[in-house]
Amino acid sequence: MEAVIRKNRKATKRIKAVRPWLLPGLLLAVFWGMFAVYGPGIYNDSDQYIKMHIHREPLYPLFLAALRGIFGEGWLTAMGILQNGLAAVSIWVFARYMAGRFRLNWLEEGILALLGLMPHMMTMFFSSLHLFLTNSVMSEALCLPLFLLFMTACFGMCLEEERKKRREMTGLALALAFLLSLTRSQMLLAVLLWTAVLGGRILLEKKEKGQGAGARLPALLAALTAALLVFALRTLSVRTYNLVFNGRFINNTYGAVNTLTNILYAADRFHGERISDPEAREFFYLMYDLTEERQANYKYAGKGWTRRAEHLEQWHDTIKYEMIEDVFYQAYDKTVTTDYIEQNLMADETAARIIAGILPGCFLRWLGNYLAVAAYGLIRSIAVVHPLLNQAAALIYLSVPLLAWLVRRRGGERGIIVVMAIALLAVLANAAAVSVTIMCLSRYMIYGFTTFYAGYFLLLREIRKSYWRRRAPSEKGGRS
């Protein structure tokens, strides 16, 4: 009998020794397995990252350049191993932190890890490109795991009880926000999100301590100053990168051209009369006539916000590349210069003048289209666009305040409400930012999926726990 007990104890010890490494091992097996099966993916945008194009932010092209320098012809294999490894580690770190903070069991920790896997599977099996992001030569392969680590640090900014740990998490979150902003311009929202989360923590923390508004002002100003410094450092980094690799101390180009796309879609031809610059006005008429000729503007979208969003998504890239960029390039090639970077700068300046002229006249229509695209972005942040799933996504969003209220009313852990609030803010901010310049494709919107559903799961779990806490005393009394 004693031998059996000793044997069982040894088996238990082995299980306990292996268990901490089981989840990261499984995650690595999934990600590296997907790379082994599908291999590296090269797509339309990949060449711009490889060639350090003036349109692209510096971090990912530098990452690829380092791999080419170190591994030579085997750089694609090294890329797949590292990108998939980073994704696996980010999911494990997130699940492990949340499990430790909210005392989750191994099954609940596994659910959070599964939620971390879901965005990768959705873009592989449900998006139009059917790509496994971390196999791909695309900046999203770095951006998605970095964003999950950033969100984990943001949660820690508010959840950690020790002041030193909160400061560490605050610094880590800001550093990750900076790296994200160098990976995709869209991720400048991470710096803004960091500022909002830290500002909210400062206000609530000081309020609980009974301090007035004057006591909070220095801390808020310090947070704002830090965010502005990161923006400045980001601009300097991008300009320096472009100086070294493209010969110009400038930011990435085509920001105004990207913004013009959705505005041109919403315009009428007579809006061109508002453009004061004759050259910019002529460009606008050429572009508008192309959209009219191919039925690529708002007039042909049909009724209803879903049709408007789908029609704009259908034509967005065509308008941008064939009706804006090509018009600029053909004109500049013939009359001004064939220098590509110079053409980019001129196109941005002219696009800005066109926007200034036509936007006041079509602003309300542009705003309506923007809201329609953003609504699709909110759906794609947590689901797949489909008539039934659209309604389900709306119900999920609407249920969040109710669940948070139930947790608060039943005396549940307030930290879970904080997690849900930060996760929801990230989803809203991402949809709002992306919709300004482009359509909300799945690969642009999935950043908040994991943390949103993690917060939702924790709300449901806390409500269930509060139910059993309330029921237990009455059952005990009944038995006595």
Side-chain angles (χ1 to χ4, degrees), residues 19-28 30-31 86-122 144-162 164-177 180 190 193-194 197-198 200-201 204 381-382 396 399-400 403-404 406-408 410 412-427 430 446-466:
R19 183 176 291 174
W21 303 104
L22 183 61
L23 182 58
L26 288 173
L27 289 169
L28 286 171
V30 170
F31 278 98
L86 176 62
V89 169
S90 69
I91 294 171
W92 174 62
V93 169
F94 165 72
R96 186 88 286 274
Y97 178 80
M98 299 300 281
R101 179 59 184 79
F102 294 108
R103 300 174 297 280
L104 308 183
N105 60 38
W106 65 270
L107 179 60
E108 292 165 335
E109 183 180 350
I111 290 173
L112 295 188
L114 183 62
L115 290 174
L117 276 173
M118 284 300 294
H120 300 272
M121 298 304 173
M122 288 174 67
L144 184 56
L146 286 177
F147 188 79
L148 185 57
L149 292 173
F150 164 75
M151 289 296 290
T152 305
C154 282
F155 296 149
M157 288 167 58
C158 299
L159 297 178
E160 292 295 334
E161 296 178 359
E162 293 183 19
K164 182 181 177 182
K165 288 185 178 180
R166 284 203 307 270
R167 286 183 173 179
E168 290 174 352
M169 285 292 193
T170 301
L172 176 60
L174 185 58
L176 289 167
L180 283 164
L193 188 60
W194 176 88
V197 171
L198 181 56
R201 192 197 80 188
L204 291 175
S381 296
I382 64 170
I396 290 172
S399 67
V400 169
L403 295 179
L406 285 173
V407 169
R408 183 72 182 271
R410 295 187 175 191
E413 187 166 352
R414 293 178 63 183
I416 292 173
I417 300 175
V418 172
V419 167
M420 188 73 254
I422 295 173
L424 182 58
L425 180 61
V427 168
N430 190 39
I446 53 164
Y447 295 100
F449 181 98
T450 298
T451 51
F452 178 87
Y453 278 113
Y456 203 86
F457 167 72
L458 290 174
L459 286 176
L460 293 175
R461 174 181 176 271
E462 191 67 13
I463 291 170
R464 177 179 173 275
K465 281 176 59 181
S466 66

task: Check step by step if side-chain contact (heavy atoms from CB on, under 4.5 Å) holds for Leu112 and Leu115.
output: CA-CA 5 Å; Leu112 295 188; Leu115 290 174; 4.1 Å; yes
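- Looking at every heavy atom in both residues, Val197 comes nearest to Cys158 through CG1-SG, 3.6 Å.
- Using a 4.5 Å cut-off on side-chain heavy atoms (C-beta onward), Leu27 and Leu117 make contact.
- Side-chain contact between Met420 and Val407 is absent, with no heavy-atom pair separated by less than 4.5 Å.
- Not a single donor-acceptor pair under 3.5 Å links the side chain of Trp194 to the backbone N or O of Gly171.
- Atom OG of Ser399 is separated from atom CG of Leu460 by 8.0 Å, given to the nearest 0.5 angstrom.
- Between atom OG1 of residue Thr451 and atom CG of residue Leu425 there is a gap of 10.5 Å, rounded to the nearest 0.5 Å.
- Note that CG of Leu104 is 8.5 Å distant from CZ of Arg96, once rounded to the nearest 0.5 Å.
- Put simply, CG on Leu114 and CE on Met118 are 6.5 Å apart, with the number rounded to the nearest 0.5 Å.
- The only option from Arg103, Lys465, Arg461 that meets the salt bridge (Lys or Arg N to Asp or Glu O under 4.0 Å) definition with Glu108 turns out to be Arg461.
- Side-chain atoms of Glu413 do not come within 3.5 Å of backbone N or O of Glu462 as any donor-acceptor pair.
- Relative ring orientation between Phe31 and His120 is described as perpendicular, the plane-to-plane angle rising above 60° on a 0-90° scale split at 30° and 60°.
- The shortest distance between side-chain heavy atoms of Trp106 and Leu23 does not fall below 4.5 Å.
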- prompt: When you look at Thr450 and Met151, which way does the side-chain contact (heavy atoms from CB on, under 4.5 Å) test go after all the steps?
  reply: CA-CA 10 Å; Thr450 298; Met151 289 296 290; over 6 Å; no
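- Of all heavy-atom pairs spanning Tyr97 and Gly156, the tightest one is OH-CA, 3.2 Å.
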- request: Apply the test side-chain contact (heavy atoms from CB on, under 4.5 Å) to residues Val93 and Leu148: give CA-CA distance (whole Å), side-chain angles for both, the deciding distance (0.1 Å), then the verdict.
  value: CA-CA 9 Å; Val93 169; Leu148 185 57; over 6 Å; no
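- Side-chain contact between Val418 and Ile422: present, with at least one pair of heavy atoms (C-beta onward) separated by less than 4.5 Å.
- The minimum heavy-atom distance linking Leu180 with Ala190 is given by the pair CD1-CB, 4.0 Å.
- Between Met122 and Pro119 there is no side-chain heavy-atom pair separated by less than 4.5 Å.
- Gly455 and Val419 get closest at one heavy-atom pair: CA-CG1, 4.1 Å.
- Counting only heavy atoms from C-beta outward, the side chains of Thr152 and Arg101 never approach each other to under 4.5 Å.
- To the nearest 0.5 Å, atom CG of residue Leu176 and atom CG of residue Leu149 are 6.0 Å apart.
- The minimum heavy-atom distance linking Ala426 with Leu193 is given by the pair CB-CD2, 3.7 Å.
- Put simply, the side chain of Arg166 gets close to the backbone of Glu161: a donor and an acceptor are under 3.5 Å apart.
- Summarising the geometry, atom CD1 belonging to Ile446 is positioned 14.0 Å from atom CD1 belonging to Ile382; distances are rounded to the nearest 0.5 Å.
- Here the closest heavy-atom approach between residue Pro145 and residue Ala87 is recorded as CB-CA, 3.8 Å.
- In this structure the side chain of Leu144 reaches within 4.5 angstrom of the side chain of Tyr447, judged on heavy atoms.
- A ring-centre distance under 6.0 Å is not found for Phe457 and Tyr453.
- Here the side chains of Leu28 and Trp92 are not in contact, with every heavy-atom distance at 4.5 Å or above.
- Salt bridge Glu160/Arg201: absent, no basic N to carboxylate O contact under 4.0 Å.
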- request: In sequence, state the C-alpha distance, the side-chain angles, and the governing distance for Leu159 and Phe102, and then conclude on side-chain contact (heavy atoms from CB on, under 4.5 Å).
  value: CA-CA 10 Å; Leu159 297 178; Phe102 294 108; 3.9 Å; yes
